[in-house]
Amino acid sequence: MAKQTLRRPRRFRIREVDACEPDVVDTLKDLHARIFLDRAPLPDFDVGHWWMTSELGRPTAFAGLVPSVLGSGIGYLSRVGVLRERCGHGLQRRMMRAIEQRARRSGLRCIVSDTTSNIISANNFIRCGYVLFEPAQPWAWGNSLYWRKMIRA
């Protein structure tokens, strides 16, 4: 008798979303407010590509990739936020990998980002292969760390 393998239903679903849809924008704004409170300005969801993670149909995380001001072929990882009660499931790293796949397909050669006073996010950048760098013209806060990852096509 053959051994049957039962597949567990996927608990979290990551998908790229269309930020032109009003319901999607409202959900992204709600997630941003719940995750970042008033510590970060609201991104322009009309620009770039956005992802949302849901757990059993409930939004739990979001992330964005927008063009970088550093030049062509460079994307800026704009927010990778996870609701506090959903932290610890590797969602931030999983979303970063989804973004990297999109960046490769789009022909980007590099992704940059920054973190400020967030050790967990900094460690996730390291785990995903990002390295610290010093931009010629820093764009974030005085105590921000700047991250870069070269993308292979």
Side-chain angles (χ1 to χ4, degrees), residues 11-22 24-55 58-153:
R11 182 173 178 179
F12 296 101
R13 181 173 179 242
I14 298 172
R15 64 186 175 95
E16 189 169 354
V17 295
D18 183 352
C20 292
E21 295 179 17
V24 170
V25 172
D26 290 344
T27 303
L28 290 170
K29 287 179 179 179
D30 178 62
L31 282 169
H32 187 275
R34 292 172 60 199
I35 294 166
F36 294 101
L37 307 172
D38 61 352
R39 296 184 306 256
L42 188 68
D44 183 358
F45 293 117
D46 291 335
V47 177
H49 303 277
W50 294 90
W51 286 259
M52 215 181 309
T53 299
S54 58
E55 178 183 27
R58 290 184 308 269
T60 59
F62 78 102
L65 178 68
V66 300
S68 170
V69 297
L70 297 180
S72 65
I74 303 172
Y76 174 69
L77 190 68
S78 173
R79 309 279 191 277
V80 184
V82 178
L83 291 173
R84 182 169 299 283
E85 59 270 19
R86 293 288 116 230
C87 289
H89 296 280
L91 295 177
Q92 188 177 45
R93 291 190 310 273
R94 288 176 56 193
M95 293 186 82
M96 290 167 79
R97 287 191 293 269
I99 288 169
E100 290 169 19
Q101 288 176 352
R102 177 65 145 103
R104 281 184 194 90
R105 286 194 316 268
S106 299
L108 296 180
R109 58 183 167 79
C110 179
I111 297 176
V112 297
S113 194
D114 56 87
T115 57
T116 306
S117 304
N118 190 329
I119 293 171
I120 294 168
S121 288
N123 281 326
N124 282 332
F125 273 102
I126 293 167
R127 286 183 186 107
C128 287
Y130 287 75
V131 295
L132 287 169
F133 82 107
E134 189 172 338
Q137 295 182 336
W139 61 81
W141 306 100
N143 60 335
S144 292
L145 299 175
Y146 295 92
W147 302 95
R148 173 176 56 202
K149 183 173 184 177
M150 303 310 291
I151 301 297
R152 294 185 204 122

Got a second to check how far [X]'s [atom1] is from [Y]'s [atom2], nearest 0.5 Å?
{"X": "R105", "Y": "I151", "atom1": "CZ", "atom2": "CD1", "result": "12.0 Å"}
{"X": "S54", "Y": "L31", "atom1": "OG", "atom2": "CG", "result": "10.5 Å"}
{"X": "M96", "Y": "R127", "atom1": "CE", "atom2": "CZ", "result": "10.5 Å"}
{"X": "I14", "Y": "M52", "atom1": "CD1", "atom2": "CE", "result": "12.5 Å"}
{"X": "Q92", "Y": "R97", "atom1": "CD", "atom2": "CZ", "result": "11.0 Å"}
{"X": "L91", "Y": "R11", "atom1": "CG", "atom2": "CZ", "result": "9.0 Å"}

Looking only at heavy atoms, which two atoms of [X] and [Y] are closest? And how far apart?
{"X": "L145", "Y": "A122", "result": "CD1-CB, 4.5 Å"}
{"X": "S144", "Y": "A140", "result": "OG-CB, 3.3 Å"}
{"X": "H32", "Y": "R79", "result": "NE2-NE, 3.1 Å"}
{"X": "V17", "Y": "R15", "result": "CG1-NH1, 3.4 Å"}
{"X": "E100", "Y": "C128", "result": "OE2-O, 4.1 Å"}
{"X": "W139", "Y": "S113", "result": "CZ2-O, 3.8 Å"}

Please say which of Y130, Y146, W147 ends up in a side-chain contact (heavy atoms from CB on, under 4.5 Å) with T115. W147
Counting only N and O atoms by type, is there a donor-acceptor contact under 3.5 Å from the side chain of T60 to the main-chain atoms of T53? yes
[X] [atom1]: over 12 foreign heavy atoms closer than 6.0 Å:
{"X": "R84", "atom1": "CZ", "answer": "no"}
{"X": "I119", "atom1": "CD1", "answer": "no"}
{"X": "E85", "atom1": "CD", "answer": "yes"}

Could you tabulate the donor-acceptor pairs under 3.5 Å formed by side-chain atoms of residues 61-77, not counting sequence neighbours?
| unit_1 | atom_1 | unit_2 | atom_2 | d |
| --- | --- | --- | --- | --- |
| S68 | OG | L70 | N | 2.9 |
| Y76 | OH | D114 | OD2 | 2.5 |

Does W51 have any side chain to side chain donor-acceptor pair (under 3.5 Å) partners at least two apart in sequence or in another chain, and if so, which?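 Side chain to side chain donor-acceptor pair (under 3.5 Å) check on W51 returns nothing, list empty.
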Can you give each donor-acceptor pair under 3.5 Å made by side-chain atoms of residues 40-49, sequence neighbours left out, with the distance rounded to 0.1 Å?
| unit_1 | atom_1 | unit_2 | atom_2 | d |
| --- | --- | --- | --- | --- |
| D44 | OD1 | D46 | N | 3.0 |
| H49 | ND1 | E16 | OE2 | 3.0 |
| H49 | ND1 | R102 | NH2 | 3.0 |

Working note: S117 + R39, criterion side chain to side chain contact (heavy atoms under 4.5 Å, CB included); need CA distance, chi angles, decisive distance, verdict. CA-CA 11 Å; S117 304; R39 296 184 306 256; over 6 Å; no
When you look at T27 and D30, which way does the side chain to side chain contact (heavy atoms under 4.5 Å, CB included) test go after all the steps? CA-CA 5 Å; T27 303; D30 178 62; 5.6 Å; no
